[in-house]
Amino acid sequence: MEPFTGEMKRTHYCGAITTEDVGKTVTLCGWVHRRRDHGGLIFVDLRDREGFVQVVFNPQVNREAHEKAEKLRSEFVISVRGRVERRPEGTENPSIPTGEVEILAEKLSILNESKPVPFPLEDETDVAENVRLKYRYLDLRRPSMQRVMITRHQVTRATRDYFYENGFLEIETPFLTKSTPEGARDYLVPSRVNPGAFYALPQSPQLFKQILMVSGYDRYFQIVRCFRDEDLRADRQPEFTQIDVEMSFVDREDIFETMEGLMEKIFRDVLGVSVNRPFRRMPYRQAMDLYGSDKPDLRFGMEITDITEEVKGSDFNVFNRVIESGGVVRALVAPQMAGISRSKIDELTEVASIGGAKGLAYFKVEEGGLSSPIAKFFGENHLKAIQEKTGAEAGDMIFIVADTWEVVCDSLGRLRLHLGRELNLIDEGRYEFLWVIDFPLLEYDEEEKRFVAMHHPFTSPVPDDIPLLDEDPLRVRAQAYDLVLNGSEVGGGSIRIHQRALQEKMFSLLNISEEEARVKFGFLLDALQYGAPPHGGIAFGLDRLVMIIAGVDSIRDVIPFPKTQKAVCLMSGAPSPVGKEQLKELHIKLDL
RNA sequence: GGGGUCGUAGUUAAGCCUGGUUAUAACGCCGGCCUGUCGAGCCGGAGGCCGCGGGUUCGAAUCCCGUCGACCCCGCCA
């Protein structure tokens with residue numbers, strides 16, 4: 001080990017050396033990626049965040065450097081000074097960016113050694129994820145991980161640039177804030193100086209950004225961490241990052257225009273892709289009807305067809321009972337799948353059953369018509385009508401689910417996605433944006449026996465629907481919108497309620513008492529009395545957006561230090577027990 | 001809370017169904033040789049609580065029960 005002196009400080013990044021640099025003496029700092037020791041000659045691939053370059057230790061160039069290089073091992077940290085040379089003819093390596101050049105080492109400093117690493121630091125890795133997470137500092141050293149983190153940086157940079165250019169103010173909101181009902185479970189932080197009281201980490205800065213509008217800041221954005229104590233998934237972490245936006249004196253169109261501009265800039269700056277504007281729009285109801293999802297993947301077609309009318313009057317009682325009780329019968333055509341096996345059908349039935357379907361009926365489309373174990377219950381006119389309505393052609397398979405509207409949508413939606421992937425109908429290079437609009441304002445929660453807000457309680461109803469709040473609350477549409485990209489919800493927002501009376505009415509519809517509203521949201525209700533401007537906004541899930549842009553399947557691959565499914569950090573060991581003294585200071589007794 | 005997949009040298013896997021001498025391979029690691037390699041090559045070597053605990057058996061990596069952990073999914077996530 002040697003001191004790091006000025007003469008060995010970096011002049012270039014390894015990955016940035018080009019034929020332009022031939023003849024120059026450069027100093028490189030980095031990690032030994034690989035060493036190939038020929039006894040006489042030693043080759044070292046030296047790596048830094050920009051890439052790697054071959055360093056040649058030749059005793060005839062410098063004996064001392066060559067002798068030292070014999071000690072080098074993987075992941076040693078070194079500084080090398082030497083001349084950039086074009087590689088001798090026939091030894092170029094066209095498979096790497098710096099393959100035409102090499103560094104003839106004249107001086108080597110070993111700045112630090114490394115134990116043998118627990119797994120190879122290669123781009124392609126099949127190492128178990130728990131090993132990667134335990135040694136995250138090594139995992140993050142892998143070039144593919146560094147590329148993703150750089151991509152993430154580019155996305156946040158493009159975002160900041162865009163909002164700065166468009167007159168938005170970047171303002172911070174508290175992390176130690178107040179627990180609110182509705183929504184996800186809160187992460188709580190005990191207050192030492194207020195025994196028995198707790199802060200909550202924000203699920204989002206929702207109320208604060210609305211307050212900022214009341215305060216006249218007009219256009220706000222923040223790239224901000226949010227916390228939700230719910231179970232994890234491939235695209236869900238307990239702490240995640242939102243691009244949070246709020247604007248005053250705007251309607252939905254202004255938000256769409258501004259946010260499409262943001263997406264356009266991000267995709268241009270980061271991927272060099274130009275996106276088609278304006279983005280498509282689709283009412284929630286239509287998305288559910290056609291794609292069985294409120295976040296449809298529009299990279300492929302395969303739309304769902306309603307055949308409730310077409311099957312009426314058959315002898316098939318399963319369908320008849322569903323229709324009598326107000327349900328629907330709908331079909332999905334799987335192209336050229338008529339020949340699939342019984343076990344394949346079982347597998348697809350399983351997929352549909354996740355959505356609640358109690359069975360999956362099917363018709364094989366043959367030259368002469370439809371065939372199926374249940375075909376005997378249908379007249380020739382029924383079968384013909386089904387085939388015509390679905391547009392199925394010979395060789396196709398028609399899958400049918402009959403149930404409540406919700407179950408049919410969910411089941412066929414899942415089946416559609418499953419088949420889309422399996423039949424390779426999804427063009428991975430495409431980016432299909434979609435605004436889903438006209439969400440219902442409310443849903444009925446069977447468990448709690450009350451209405452709950454579909455988006456959140458501060459979402460404004462569509463003005464025309466306000467009279468319905470009393471007559472038929474479930475039919476009230478919200479001024480809410482989601483941005484969907486390739487079947488993933490990447491953002492959601494709404495025009496907010498800016499009048500106290502309407503906000504109070506909303507709380508009462510949600511069965512939140514006046515008393516409770518005052519305690520939980522009093523500050524918002526108060527603020528709305530003092531000149532609150534009309535306003536609205538949106539929040540994007542930065543992590544999900546980066547997942548799509550970087551083309552990775554796990555949210556853990558776009559977060560430098562993620563948690564496992566049990567919300568544990570395998571590197572630091574968090575969460576962990578704390579000492580008695582610490583608990584006592586916080587006035588907390590454990591009950592385990 | 002529930003369903004599923006997985007857990008064997010540092011890493012990735014085989015062996016497990018059908019129990020039987022010393023648990024197999026590749027990569028990595030250590031030593032030697034080697035001046036144009038880039039997954040360098042050749043020769044030699046070390047390395048295992050078969051996740052953990054219990055049971056069945058003359059005998060368990062292998063069969064059974066439990067448990068822990070990682071991952072995927074359902075519920076949950078305004």
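Computed over heavy atoms, backbone and side chain alike; hydrogens, waters and symmetry mates excluded. These numbers come from a predicted model, not from an experiment. Order of the sequence lines fixes the chain letters, A, B, ..., with proteins taken first and strands second; residue numbering starts at 1 for each chain.
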Identify the nucleotide, in any strand shown, that forms a Watson-Crick or G-U wobble pair with B:G41, with both distances under 3.5 Å; if there is none, say none. B:C33

If you check the A:K566 side chain, which of B:G75, B:A70, B:G36 turns out closest? B:A70

SB check A:K295 A:E489 (cutoff 4.0 Å): no

In whole Å, I'd like the distance from the CG atom of A:L104 to the P atom of B:G36. 15 Å

Please determine, for the side chain of A:V127, which listed nucleotide (B:C74, B:U12, B:U35) has the closest atom? B:U12

Is the shortest side-chain N/O distance from A:R414 to OP1 or OP2 of B:C74 below 4.0 Å? yes

B:C72 OP1/OP2 closer than 4.0 Å to side-chain N/O of A:R556: yes

Out of the candidates A:F439, A:Y284, A:F256, only one should pair with A:Y481 under the ring pair (Phe, Tyr, Trp, His ring centres under 6.0 Å) rule; please name it. A:F256

Once you apply a heavy-atom cut-off of 4.0 Å, does A:S204 come out as touching a base, just sugar-phosphate, or nothing? base

Between the base of B:C38 and the side chain of A:R34, is there any donor-acceptor pair under 3.5 Å? no

What is the nucleic acid contact for A:D229, judged by heavy atoms within less than 4.0 Å: base, sugar-phosphate only, or nothing? nothing

B:U24 and B:G47, which share atom name P, separated by this distance in whole Å: 13 Å

Round to a whole Å and report the spacing from CG of A:D410 to P of B:C76. 11 Å

Short N-O contact, A:D403 and A:K358, less than 4.0 angstrom: yes

Picking from B:U12, B:U37, B:C72, which would you name as closest to the side chain of A:Q54? B:U37

A:R36 side-chain N/O to B:U37 phosphate OP1/OP2 under 4.0 Å: no

Tell which nucleotide pairs with B:G69, taking only Watson-Crick or G-U wobble pairs whose two distances are both under 3.5 angstrom. B:C6

Interatomic distance, A:D126 CG vs B:C6 P [rounded to whole Å]: 17 Å

Counting only side-chain heavy atoms from C-beta out, which of B:C34, B:G75, B:U37 sits nearest to A:E102? B:U37

Salt bridge A:R86-A:E100, side-chain N to carboxylate O under 4.0 Å: yes

Looking only at N and O atoms, is any donor in the side chain of A:R228 or the base of B:C76 less than 3.5 Å from an acceptor on the other one? no

pi-stack flag for A:H38 and B:A40, centroid dist under 5.5 Å, interplanar under 30°: yes

Earlier contact from the 5' end, RNA chain B, for A:A184 and A:K563: A:K563

Who is the Watson-Crick or G-U wobble partner of B:C50, with both distances under 3.5 Å? none

Let me know the distance between CD of A:E129 and P of B:A70, rounded to the nearest Å. 11 Å

Donor-acceptor pair under 3.5 Å: do we get one between A:R87's side chain and the base of B:C38? yes

What integer distance in Å separates A:F52:CZ from B:U37:P? 17 Å

Between A:F57 (CZ) and B:C34 (C1'), how many Å, whole number? 18 Å

NA contact type, A:E443, heavy-atom cut-off 4.0 Å: base, sugar-phosphate, or nothing? nothing

Tell me which nucleotide among B:C76, B:C38, B:U11 gets nearest to the side chain of A:T91. B:C38

Inter- and intrachain pairs under side chain to side chain donor-acceptor pair (under 3.5 Å), touching residues 55-74 of chain A, at least two apart: A:E2-A:K68

Establish, with yes or no, whether the OP1 or OP2 oxygen of B:A70 is under 4.0 angstrom from a side-chain nitrogen or oxygen of A:T564. yes

In whole Å, what separates the C1' atom of B:U35 from that of B:G45? 27 Å

For atom CZ of A:R450, is the number of surrounding heavy atoms from other residues, nucleotides or ligands below 6.0 Å larger than 12? yes

A:N93 vs A:P457, nearer the 5' end of RNA chain B by closest nucleotide: A:N93

Looking only at N and O atoms, is any donor in the side chain of A:R73 or the base of B:G28 less than 3.5 Å from an acceptor on the other one? no

B:A26 pairs with, by Watson-Crick or G-U criteria that keep both distances under 3.5 Å: B:U11

If the C1' atom of B:U21 is compared with that of B:C64, how far apart are they to the nearest Å? 26 Å

B:U11 and B:G41, which share atom name C1', separated by this distance in whole Å: 23 Å

Any stacking of A:F43 on B:U37, going by centres under 5.5 angstrom and planes within less than 30 degrees? yes

Give one of base, sugar-phosphate or nothing for A:R35, where a contact means two heavy atoms less than 4.0 Å apart. nothing

Considering every strand and a 4.0 Å limit on heavy-atom distances, what is the contact class for A:P118: base, sugar-phosphate, or nothing? sugar-phosphate

Base-pairing assignment for B:C77 (Watson-Crick or G-U wobble, both under 3.5 Å): none

Answer with base, sugar-phosphate or nothing: what part of the nucleic acid does A:E92 contact at a heavy-atom distance below 4.0 Å? base

Whole-Å distance separating the CG atom of A:N130 from the C1' atom of B:G10: 14 Å

Test item: A:C29 and A:D48 side chains (from C-beta on) under 4.5 Å apart, heavy atoms: no

What nucleotide, of B:C73, B:U35, B:C29, holds the atom closest to the side chain of A:A234? B:C73

Whole angstroms only, please: what is the CG-P distance between A:D235 and B:C76? 16 Å

I want to check something: taking the side chain as every heavy atom from C-beta on, are A:K107 and A:S79 in contact at a cut-off of under 4.5 Å? no

